[in-house]
Amino acid sequence: MLAIGSDHGGYELKCAIIELFQERKIDYVDFGTNGPDSVDYPDFGAKVAKAVAAGDADAGVVICGTGIGISIAANKVQGIRAALVHDEFTAQMAKEHNNANILAMGGRVLSPETGKRLVGIWLDTEYEGGRHQKRLDKISAIEQEQIKE
Ligand code: RB5
């Protein structure tokens, strides 16, 4: 099960990514937004991130105009590694090295075709583990330190 959400700037690309989910017969939950009216990206980044962190979704996709704001918001939720990607290489590395559990993209940056291609790469790529796990553990340790403070 995947979770997806966007603001108005990412709405069109979100529709394209949902098409991809449907083509691949992937179950998903759509947290909105559901049209072009102006909304606030943190609300949608938080919904997707909380669903992933709670285990209600295996992973998620978040989209705003640039992908910047909604990735910052998603990364505030403990356990989330949201990666903002722009091309095939960053989409591949987001999984291979960072094991990103949320992919973030910019609806005003990428065409629907490119966005679909990048989500496909991220879904199809395997996390490499090994030396990268130590680094992910260090990211988790930062979160733990913050919680204790
Ligand atoms: C909304 O206009 C825009 O600021 C938002 O979609 C996003 O790009 C923020 O990072």
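Keep in mind that the numbers below use all heavy atoms, side chains included, and drop hydrogens, waters and symmetry copies. Each ligand, and each atom within it, is numbered from 1 in the order the structure gives.
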Side chain Asp58, main chain Met1, donor-acceptor under 3.5 Å: yes
Partner of Arg131 by side-chain contact (heavy atoms from CB on, under 4.5 Å), out of Glu128, Gln133, Lys134: Glu128
Ligand-side contact atoms (ligand 1) for residue partner His8, heavy atom cut-off under 4.0 Å: 1 (C), 2 (O)
Protein heavy atom at shortest distance from atom 3 (C) of ligand 1: Arg108 NH1, 4.0 Å
Closest protein heavy atom (residue, atom, distance) for atom 7 (C) of ligand 1: Cys64 SG, 3.3 Å
For Gly69, the ligand 1 atoms whose distance to one of its heavy atoms is below 4.0 Å: 9 (C), 10 (O)
Sidechain-backbone polar pair: Asp137 side chain, Ser140 backbone, donor-acceptor under 3.5 Å: no
N or O contact, Thr66 vs ligand 1, cut-off under 3.5 Å: yes
Which of the ligand 1 atoms, numbered from 1, are nearer than 4.0 Å to a heavy atom of Asp7: 1 (C), 5 (C), 6 (O)
Under 3.5 Å: N/O of Ile70 near N/O of ligand 1: no
N or O contact, Gly65 vs ligand 1, cut-off under 3.5 Å: yes
Whether Asp7 side chain and Gly9 backbone form a donor-acceptor pair below 3.5 Å: yes
Closest non-hydrogen atom pair between Phe21 and Leu2, with its separation: CE2-CD1, 3.5 Å
Heavy-atom donor-acceptor pair, Asn101 side chain to Gly79 backbone, under 3.5 Å: yes
Top protein contact for atom 9 (C) of ligand 1, by heavy-atom distance: Tyr41 CE2, 3.4 Å
Axial cation check for Tyr11 ring with Lys14, 6.0 Å and 45° limits: no
